[in-house]
Amino acid sequence: MNTQSPDVKAIFSYRKYWAARFGTAPFLPMSRAEMDELGWDSCDIILVTGDCYIDHPSFGMALVGRLLESQGFRVGIIAQPDWQSAEPFRALGRPNLFFGVTAGNMDSMINRYTADRKPRSDDAYTPHGEPNKRPDRAVTVYAQRCREAYPGVGVMIGSIEASLRRIAHYDYWSDKVRPSVLISSKADILLYGNAERALVEIAHRAAAGEKLSEIRDVRGTAFIVPHGWRPDENWQEMDSTTVDVPGRVDPLLNPYEEIPEQAAKQAEANGGAATVQPIKFMNVHDRVAIRRAQRAKTVVRIPAYEAVAYDPVLYAHASRVLHLESNPGNARALVQMHGERDVWLNPPPLPLSTEEMDFVFGQPYARNPHPSYGKAHIPAWEMIKYSVNIMRGCFGGCTFCSITEHEGRIIQSRSEESILKEIEEIRDKTEGFTGHISDLGGPTANMYRLACKDKAIETKCRKLSCVYPDVCENLNTDHSSLIQLYRKARAIPGVKKINIQSGLRYDLAVKSPEYIKELVTHHVGGYLKIAPEHTEEGPLSKMMKPGMGAYDKFKALFEKFSKEAGKEQYLIPYFIAAHPGTSDEDMLNLALWLKKNDFRLDQVQTFTPTPMAMATTMWHTRRNPLKKLARSSEKVDVVRDGYRRKLHKAFLRYHHPDNWQILYDALIDMGRQDLIGYGRHQLIPPVPPKGGEDKGKRFNTARTAHHPTRRFQDAPPAPRGAKPAPRGKPAPAAKGGGKPAARGKPTGRR
């Protein structure tokens with residue numbers, strides 16, 4: 001099956017570089033000794049990564065390295081180098097072509113810090129989970145060290161960290177807007193998104209003698225140019241640096257003016273000579289072709305770094321423009337001024353065809369960690385080694401997620417043959433395999449081979465999501481290809497069980513009950529994780545997530561098919577606390593929903609603002625980039641202070657003793673004493689559960705700091721129907737003779 005456009009060069013069609021004569025390496029070398037064993041005197045390309053090296057397609061550097069090896073290049077890897085000096089970056093010598101720098105599979109800041117900005121105690125991508133093996137903002141640090149180690153060698157940056165920082169962006173950890181990572185890293189070129197196509201082209205052009213700093217015409221790349229630079233004289237610039245500025249106002253025509261008079265005025269304007277223009281008729285295809293050609297030669301100038309750093313509305317506007325220019329079929333180039341220079345972004349990369357995806361995942365991966373790690377326990381490897389990635393991309397458009405910004409909305413799927421072959425390789429090559437495949441998935445479990453019904457519509461579409469507010473009528477939701485894949489995978493000899501662990505889009509799944517039946521009957525190990533994220537319309541509208549109606553439909557089908565299969569299985573919902581647009585009342589209603597449905601969550605997540613996500617824009621600017629921006633645009637309720645973030649998280653774990661005090665105080669403050677008691681409709685008991693008193697004092701102090709003008713007390717609630725107690729006085733005792741508790745002491749803050 002050929003799914004590649006004929007005018008796009010496939011990544012497997014390049015003539016191999018001369019070094020292909022050395023053949024493939026069992027593992028890409030990490031030392032001079034390994035290079036000597038392979039007969040190499042040097043590396044053509046050296047990849048620097050913040051992860052340990054595991055030769056498996058789920059790990060970015062292995063995938064990139066094997067892809068470059070397939071083109072004939074000698075590729076070495078420097079994994080988790082000591083960044084305190086440039087010496088570790090000289091371990092493999094000077095690369096002949098360039099350094100490729102990445103922070104790893106995760107953004108280094110998310111990898112190192114929690115949502116509360118506290119250092120994490122482990123790192124899943126490091127042997128034994130050891131923390132602190134990569135620096136903050138690793139792409140910048142590694143790129144600078146590469147420059148220091150070998151001045152004059154080209155430096156290319158990529159991966160999710162660089163991809164999400166390609167323009168000026170809000171940085172949660174420093175609480176400020178930072179410039180493009182190109183500025184801080186001083187790299188020659190940045191590859192964003194799924195970069196295989198750009199990487200292969202640039203590598204071959206570099207081998208032919210071009211410098212990275214001179215390659216300016218490859219999609220999916222960003223680079224620094226002098227202010228006002230254009231690829232050629234035919235390019236035009238569209239100014240989108242401001243909001244609330246009216247467009248050109250044409251003068252109104254006089255309806256009583258005769259045509260000859262208009263012609264005379266035109267002649268007078270042309271120096272007395274009347275111009276006669278023949279009427280030219282064009283069919284729709286010609287008009288579309290002209291507009292497309294003009295669009296391909298148009299660059300959109302978004303507000304400068306210096307502007308977005310201090311103007312929230314312009315920041316939100318720049319974010320909106322970037323997301324609207326993300327469809328490879330119609331996206332225009334973007335440019336953003338940084339000081340006296342411009343950061344130029346070429347349009348997004350064209351998606352890989354099925355044949356190209358198979359080529360990428362079909363390389364001779366060793367499917368094991370590098371031998372230098374010995375028997376070290378690597379958490380990320382233990383999680384992924386029996387799973388298979390079947391697709392990439394996501395058209396969900398969830399505002400808090402970075403998948404769309406990085407991988408795009410167009411689904412890129414592998415063929416059945418490629419996937420089934422990888423399962424057989426796991427069976428035959430991976431130590432410890434017992435017949436259990438842990439996952440067949442990707443960013444989502446059930447978007448395999450789903451796409452727009454009409455390629456022409458897909459090319460023109462500028463929607464941010466294919467499934468919000470409802471599933472688009474032009475979206476093919478047929479899950480039959482995925483059902484067939486599941487059945488063939490289960491039939492492979494030696495495979496006993498296949499679980500599906502990737503996130504499931506239940507709003508898509510309900511369009512295919514047969515898929516839910518297949519999933520529930522054969523691929524759920526007792527529990528299935530899904531992510532409604534919230535129950536209330538306010539936060540859901542800011543997340544671009546479906547309402548609970550789709551969840552209820554899915555739950556009914558899930559329970560029906562579980563019963564038919566004779567299995568007792570449960571849904572485990574995931575929710576986000578403190579997302580932009582979430583009020584305290586929203587979280588209270590979510591907590592009541594959890595209790596009504598007998599959910600007691602053990603692990604919950606608080607919203608973390610990640611670079612370039614639209615929810616991060618809301619969090620930073622308090623504006624909604626999902627709508628056209630103006631100075632008068634709606635303000636978004638943002639949960640920024642520590643107390644409210646703790647409170648929203650506590651609502652998700654209403655049952656935990658440590659959260660009793662903060663919830664008790666909040667319910668009193670919200671006038672919801674009726675929810676304090678032992679009834680099923682009530683959220684928390686009237687007295688602290690065992691083990692919660694000490695933590696309650698800490699929360700009470702935090703809340704007093706948040707509301708410095710109030711004094712609080714630990715008192716039982718008023719009887720049902722009674723009026724709330726006046727401020728500063730103990731609440732009436734509950735029925736049964738209970739005494740009011742002693743007043744809490746104020747913190748002294750004012």
Side-chain angles (χ1 to χ4, degrees), residues 1-25 28 44-47 55-75 77 97-98 100 102 154 156-160 162-163 189-208 210 212 215-222 328-329 331 346-365 389-393 406-408 410-419 421-422 442 449 451:
M1 179 179 64
N2 182 22
T3 59
Q4 184 62 66
S5 175
D7 57 346
V8 177
K9 190 168 184 177
I11 60 174
F12 47 73
S13 63
Y14 287 80
R15 182 178 180 181
K16 289 189 177 184
Y17 188 58
W18 68 266
R21 67 187 66 177
F22 288 99
T24 59
L28 301 178
D44 300 311
I45 300 167
I46 295 177
L47 305 177
D55 200 52
H56 185 282
S58 291
F59 296 85
M61 277 303 95
L63 185 147
V64 168
R66 290 297 188 182
L67 176 62
L68 289 169
E69 182 187 56
S70 74
Q71 306 297 314
F73 299 107
R74 293 168 292 178
V75 183
I77 289 186
L97 300 180
F98 57 83
T102 169
M156 171 193 294
I157 59 175
S159 77
I160 193 166
S163 187
I189 194 167
L190 181 155
L191 273 58
Y192 69 88
N194 295 312
E196 290 94 345
R197 193 181 304 286
L199 177 65
V200 170
E201 179 179 348
I202 292 172
H204 282 288
R205 290 173 63 172
E210 290 189 63
L212 295 189
I215 298 175
R216 297 289 180 254
D217 57 347
V218 179
R219 297 182 66 113
T221 61
N346 280 329
L350 296 174
L352 297 185
S353 67
T354 297
E355 294 85 356
E356 289 174 310
M357 286 284 286
D358 290 352
F359 179 76
V360 169
F361 283 87
Q363 297 306 311
Y365 301 98
N389 192 327
I390 65 174
M391 47 74 66
R392 62 166 61 146
H406 184 56
E407 296 193 1
I410 297 177
I411 303 303
Q412 302 163 68
S413 301
R414 298 168 61 185
S415 69
E416 279 186 357
E417 294 77 13
S418 173
I419 296 167
K421 181 181 178 182
E422 184 171 349
R449 290 194 177 179

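Note that the structure is predicted; figures quoted are calculated from it, not measured. Atoms considered below: every heavy atom in the structure, side chains included; atoms not considered: hydrogens, waters and symmetry mates.
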Distance-only, no hydrogens or angles: does the [X] side chain make a donor-acceptor pair with backbone N or O of [Y] under 3.5 Å?
X: Gln412; Y: Leu352; result: yes
X: Ser163; Y: Ile160; result: no
X: Arg197; Y: Lys9; result: yes
X: Asp44; Y: Leu97; result: no
X: Ser418; Y: Ser415; result: no
X: Asn346; Y: Arg216; result: yes
X: Ser413; Y: Met391; result: no

Within the 4.5 Å heavy-atom criterion, are [X] and [Y] side-chain neighbours or not?
X: Ile189; Y: Ile202; result: yes
X: Ile11; Y: Val360; result: yes
X: Leu63; Y: Tyr365; result: yes
X: Val8; Y: Glu356; result: no

Working to the nearest 0.5 angstrom, can you tell me the gap between [X] [atom1] and [Y] [atom2]?
X: His204; Y: Tyr14; atom1: NE2; atom2: OH; answer: 7.0 Å
X: Arg414; Y: Ile419; atom1: CZ; atom2: CD1; answer: 5.5 Å
X: Arg74; Y: Ile46; atom1: CZ; atom2: CD1; answer: 11.0 Å
X: Leu191; Y: Leu212; atom1: CG; atom2: CG; answer: 9.5 Å
X: Asp358; Y: Lys421; atom1: CG; atom2: NZ; answer: 9.5 Å

Given the options Leu199, Val200, Ile45, Gln71 meets side chain to side chain contact (heavy atoms under 4.5 Å, CB included) only with Val200
Measure across [X] and [Y] and return the closest heavy-atom pair with its distance rounded to 0.1 Å.
X: Glu407; Y: Asn194; result: O-ND2, 3.2 Å
X: Glu210; Y: Ile215; result: OE1-CG1, 3.7 Å
X: Gly65; Y: Val75; result: O-CG2, 3.8 Å
X: Pro349; Y: Pro328; result: O-CG, 3.6 Å
X: Asp55; Y: Pro364; result: OD2-O, 4.0 Å
X: Ala10; Y: Ser13; result: O-OG, 2.7 Å

With [X] via salt bridge (charged side-chain N to carboxylate O under 4.0 Å, His left out) - residues at least two apart:
X: Glu69; answer: Arg66
X: Arg219; answer: none
X: Glu416; answer: Lys488
X: Arg392; answer: Glu196

Kindly write out the residues that satisfy ring pair (Phe, Tyr, Trp, His ring centres under 6.0 Å) with Tyr17, not counting sequence neighbours, or none if the list is empty.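 Applying ring pair (Phe, Tyr, Trp, His ring centres under 6.0 Å) to Tyr17 gives Phe73.
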Quick one, Leu47 with Val64, criterion side-chain contact (heavy atoms from CB on, under 4.5 Å). Give me CA distance, side-chain angles, the key distance, then yes/no. CA-CA 9 Å; Leu47 305 177; Val64 168; 4.0 Å; yes
Suppose we screen for side-chain hydrogen bond (donor to acceptor under 3.5 Å, both in side chains). Which residues come up paired with Asn389, at least two apart in sequence or across chains? none
